[in-house]
Each structure stands twice: as C-alpha cells, then as structure tokens.
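Take a look at the structure set out below.
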Number of protein chains: 2
Amino acid sequence: MKARRATTKIGTRDPLATKAKILDAATREFAMRGYDGARVGEVVKRARCNINLVYHYFGNKEKLFIAVMERAYSRIRLHHKDMELRNADPQDAMRGLIVSTFRMFVDSPETIGLLVSENIHRARHIKNSPLIVSMYDALLDFMRETLDRGVATGVFRSGVDPTDLFISINAEGYFYLSNRHTLGVILHQDFMTEARLRQREAFITDVIMGFLRP
Amino acid sequence: MKARRATTKIGTRDPLATKAKILDAATREFAMRGYDGARVGEVVKRARCNINLVYHYFGNKEKLFIAVMERAYSRIRLHHKDMELRNADPQDAMRGLIVSTFRMFVDSPETIGLLVSENIHRARHIKNSPLIVSMYDALLDFMRETLDRGVATGVFRSGVDPTDLFISINAEGYFYLSNRHTLGVILHQDFMTEARLRQREAFITDVIMGFLRP
DNA sequence: CAAACTACTAAGTGAACGCTTAATTAGAAA
DNA sequence: TTTCTAATTAAGCGTTCACTTAGTAGTTTG
C-alpha cells in the first residue's frame with residue numbers, strides 16, 4: 001500500500017554493513033543506557049534496519065551485548081599493543097602508558113559505559129570469553145618489566161605491585177570520566193572541557209610518577 | 001478464606017518501620033541491579049509488604065530512588081563530618097582521609113552501586129537535591145586547609161589542586177571496588193578477601209602520600 | 001532459467017512490570 | 001460507640017519490550 005522506500009530498490013542487501021551498523025548502534029545504546037536500560041528497539045532505530053535482523057544476526061539481546069563487549073575489548077587490546085612496542089626508557093614508557101590509558105577512555109567514551117554495565121552484571125559475559133580473559137597478561141608483563149628496569153636504573157622506587165599500579169592508572173582516569181556527572185554537581189565544575197581534561201591528564205601523570213619516585 | 005497470617009493479628013500497623021523496611025530493601029535492590037535493573041516487585045518481596053505501600057509512601061519508582069539516594073548521601077556526609085573534626089598534623093589528617101574514604105566504600109557497598117546508577121542517569125536525581133549539592137563544600141575546604149598546612153610545614157609539595165586530589169583519593173578505592181568483577185577476570189585475582197583489601201588500602205595510602213612528598 | 005538460499009520486512013504475541021482501583025481493617029479522635 | 005483517617009491488601013489494567021511467525025525479494029548456484 002505505502003510507497004516503497006527508495007533504499008529497497010537496489011544496492012541494499014549488504015549483510016556485513018548491516019551487521020556492522022547494528023553493532024555500532026548497539027555499542028552506543030548499551031554504553032549510554034547500560035544493559036538493562038538499553039532497548040533493542042532503539043538499536044534498530046539507530047541502525048535503520050528491521051528489528052528482526054538483530055535476532056537474525058545475533059540471536060538475542062544478551063548475545064548482542066557479548067558481541068559488543070568482545071569488539072570493545074579487542075579495541076582496547078589493540079590500543080595497548082601499540083604501547084608495548086615502544087621501548088623507550090622506563091620513565092617515558094610509564095608516562096606513555098598513563099597518558100594513553102587516559103586518552104583511550106576520553107576518545108572512546110563507550111568503553112566506560114560498557115565496563116560499568118559488565119560490572120553490574122558481575123562480569124558474567126566476559127567471563128566466558130577466553131579471548132578477553134587472556135588479553136591483559138601481556139600488558140601486565142610489560143608493566144612488570146618496565147617497573148623492574150626503572151628500579152634497576154634507580155628512577156623508580158622498589159616493591160611496587162604491578163597489579164595495584166595497573167589498577168591505579170586505570171582508576172585515575174576511569175573514575176574521573178565515569179563519575180563526571182555526580183562530580184560535576186558536588187564540585188561545581190564542568191569536567192569535560194578540553195582544558196579540564198588536559199589538567200586531569202597532567203595531574204594523573206604527576207600522581208603516578210610522583211609516587212614512583214624512589 | 002485463607003488462614004490469616006500471624007503477623008496480621010496485632011502489633012502491625014507501623015508506618016515508620018514499614019517505610020524504613022521499604023527504603024532498606026530498595027537500597028539493596030537499586031545498588032545491586034541499578035535503577036533500570038531494579039524491580040519494585042523485588043523490593044516489596046524483600047520488604048515483605050504489599051506493593052501498593054511503595055506507591056502510598058513514595059509515589060513512584062523514581063521518587064523511591066531519590067529517597068534512597070538522599071539517605072545514602074547523608075550517610076556519606078556524616079562519615080566525612082567525623083573526619084573534619086580531627087585536627088591532627090597534616091600528614092595524619094590526609095592519611096586518615098584516605099583510609100576512611102576507602103573503608104567507607106568497603107563497609108557500605110551499596111554506595112558504589114547507587115553512584116554508578118546515578119551517573120548512568122547523568123546525575124539527574126541529585127542535581128535537584130540542594131542538600132546533596134552543598135554537601136561537599138565543607139570537605140573541600142578541609143582538604144584545601146590540610147594541604148596548605150602541609151605545604152607550610154614542608155611535608156607536602158605545593159601547587160596541588162584540592163579538587164583533583166579529592167577525585168584521586170576517591171578514584172583509587174571506588175574503581176577497585178566498582179570494577180572488581182572485570183578486574184577479577186582479567187587479572188586472575190579475588191579482590192574482596194580481607195588480605196587483598198588491606199593490601200589495596202596500604203597501596204592507595206602509599207600512592208597519595210608518595211605523590212604529596214615535596 | 002529454476003531452485004535454493006539468505007537478507008530483509010510487516011505484523012504480531014506473550015510476558016513482565018510499573019502503577020491503579022477499590023475495598024478492608026487497625027487505630028485515633030470526638 | 002461512632003466517625004474519621006491512614007495503613008494495608010487483593011486484583012487487575014495498560015504499556016512496554018524482548019522476541020516470533022510468516023512471508024517477500026534479492027542473490028547465488030547448478
């Protein structure tokens with residue numbers, strides 16, 4: 001009855017593009033509203049496709065979320081892989097890791113939203129993804145090695161637990177961004193201006209590097 | 001028709017107790033599942049009362065959430081008020097603030113769950129609560145003053161932004177706890193054992209106090 | 001070309017869930 | 001005792017939402 005949409009004519013039928021569009025839309029929706037707040041109706045509206053394609057390609061809402069998580073994690077991994085290649089001196093390597101961790105959170109804001117969701121659900125999705133589970137071993141090795149080299153050359157204090165240091169470096173950026181709304185209200189500031197982000201980046205670097213002094 | 005429950009006999013009809021039971025149950029439910037994941041049916045099941053009492057006393061789910069948030073925040077405030085009274089030397093005061101912030105998160109686990117929820121919803125609930133908005137001014141003043149005294153006596157470095165320091169102190173504990181599930185998976189550890197918590201507490205203290213050295 | 005396959009659509013369905021209606025009962029006030 | 005108010009309950013209403021059914025139309029293949 002209705003006039004046929006122009007897009008139905010030719011050139012449609014692009015499964016890979018459709019899948020990617022759904023994944024992109026789902027990433028935004030899950031990151032913004034969390035798993036429970038997300039609506040698959042919203043995802044298909046953003047992706048401009050029929051709702052059943054979500055079920056055709058991904059099965060159900062939970063499997064869609066897992067697909068989103070795996071893609072997000074492999075992006076983080078890629079990001080960190082770059083870091084590991086740089087074999088500068090220990091202090092430069094550490095500074096690079098700090099800055100790049102913070103910038104990763106700033107530049108891909110969906111990462112934090114997804115992590116928040118995954119922790120509400122007690123990590124039950126990534127727990128079953130061996131890819132993700134083993135992802136951070138290399139990064140921890142890199143941290144340990146950098147730390148050791150710094151201790152050997154006398155620029156770092158000794159006895160620092162690499163795991164705790166890893167958590168701290170992530171915490172400093174993650175919390176600033178994940179809690180920017182409540183922090184904004186109670187501290188009367190806008191934490192997302194470029195100037196404020198630069199200030200935070202410098203502060204985080206100072207905190208960690210200052211702590212690591214012998 | 002059915003046998004009357006024993007509790008209906010006498011001694012029931014306790015509006016304050018009922019309200020408190022609902023608030024307690026709602027706090028647990030909202031903190032565990034987040035605002036969207038929480039079910040008011042679950043709240044009344046935990047509170048062992050009829051569902052309509054929730055609407056009778058609180059109006060709707062959102063207003064119930066606001067009531068929960070206000071109570072949670074005033075507890076945090078109370079906790080911090082204690083801190084401000086201690087006028088020990090700057091280093092002791094700072095150490096006390098660090099440890100007590102971490103322990104506050106550990107001892108009232110619902111705090112983090114509620115903050116997570118509130119940030120997903122862009123702080124739209126606490127934004128309209130003047131009580132909460134003004135709550136942290138005093139704490140920030142205390143931080144600023146402690147910092148200044150430490151600089152004057154030569155035990156702290158100068159030029160530290162009190163706001164950023166406040167964020168960092170909170171970040172170090174908050175992230176460790178809010179993300180314990182994903183961290184547990186990727187770092188192969190249990191972060192909730194008493195020993196691990198003590199290790200983290202010591203590490204956070206080292207990071208901040210180490211950073212503050214001149 | 002025809003058959004088979006798969007991308008894609010339209011139109012539901014059933015269940016969950018927030019909330020309401022309407023009535024009942026306990027206790028306070030008069 | 002009667003009256004009034006507020007605490008409490010039972011039952012269900014309307015909507016939202018994840019997911020399904022059943023079909024159409026491009027695309028590939030024998």
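Small disclaimer: the values here were computed from a predicted structure and weren't measured. Letters A, B, ... mirror the listed sequences (proteins, then strands); counts begin at 1.
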**Q.** Distance, rounded to the nearest Å, where Leu53(B) contributes CG and dA10(D) contributes C1'
**A.** 12 Å
**Q.** d(CG, Asp14(A); C1', dA25(D)) in whole Å
**A.** 16 Å
(Q) For a quick test of reading the model: is some side-chain N or O of Tyr57(A) closer than 4.0 Å to OP1 or OP2 of dT6(C)? (A) no
**Q.** Contacts of Asn128(B) that satisfy side chain to side chain donor-acceptor pair (under 3.5 Å) - sequence neighbours left out
**A.** none
Q: Calculate the interatomic distance between Leu64(A) atom CG and dA18(D) atom P; express it in whole Å.
A: 11 Å
Q.
Under the salt bridge (Lys or Arg N to Asp or Glu O under 4.0 Å) definition, can you give me all pairs with a residue in residues 183-192 of chain A, not counting sequence neighbours?
A. none
**Q.** Relative orientation of the end axes in the helix from dC1(C)-dG30(D) to dA30(C)-dT1(D), expressed as an angle to the nearest 10° (five pairs per end)
**A.** 0°
Q. Does the separation of the ring centres of Phe211(A) and Phe203(B) fall below 6.0 angstrom?
A. yes
Q: Please answer whether the main-chain N or O of Leu177(B) pairs with a side-chain N or O of Arg180(B) as donor and acceptor at a distance below 3.5 Å.
A: yes
Q. Does the ring centre of Phe30(B) sit less than 6.0 Å away from the ring centre of Phe65(B)?
A. yes
(Q) Please list all pairs meeting side chain to side chain donor-acceptor pair (under 3.5 Å) that have one or both residues in residues 198-208 of chain B, counting only residues at least two apart or in different chains. (A) Asp161(A)-Gln199(B), Asp164(A)-Gln199(B), Asp164(A)-Arg200(B), Ser168(A)-Arg200(B), Arg103(B)-Glu201(B), Glu172(B)-Arg200(B)
Q) Contact class for Phe58(B) vs. all strands (heavy atom < 4.0 Å): base, sugar-phosphate, or nothing? A) nothing
Q.
Please confirm whether the shortest side-chain N or O distance from Thr18(B) to OP1 or OP2 of dA7(D) is below 4.0 Å.
A. no
(Q) Can you measure Lys19(B) atom NZ to dT8(D) atom C1' for me and round it to whole angstrom units? (A) 15 Å
Q) Can you list every pair that meets salt bridge (Lys or Arg N to Asp or Glu O under 4.0 Å) and has a residue in residues 125-139 of chain B, with sequence neighbours left out? A) none
**Q.** Aromatic plane relationship, Tyr35(B) with His125(B) - under 30° parallel, 30 to 60° tilted, over 60° perpendicular
**A.** tilted
**Q.** Sequence-aligned protein contact record of nucleotides 13-20 of chain C, with B where the base is within under 4.0 Å of a protein heavy atom and S where only the sugar-phosphate is
**A.** ----SSBB
Q. Side-chain contact, heavy-atom cut-off 4.5 Å: Glu118(B) with His181(A)?
A. no
Q: For His56(B) and dT25(C), give me the distance from atom NE2 to atom C1', rounded to whole Å.
A: 13 Å
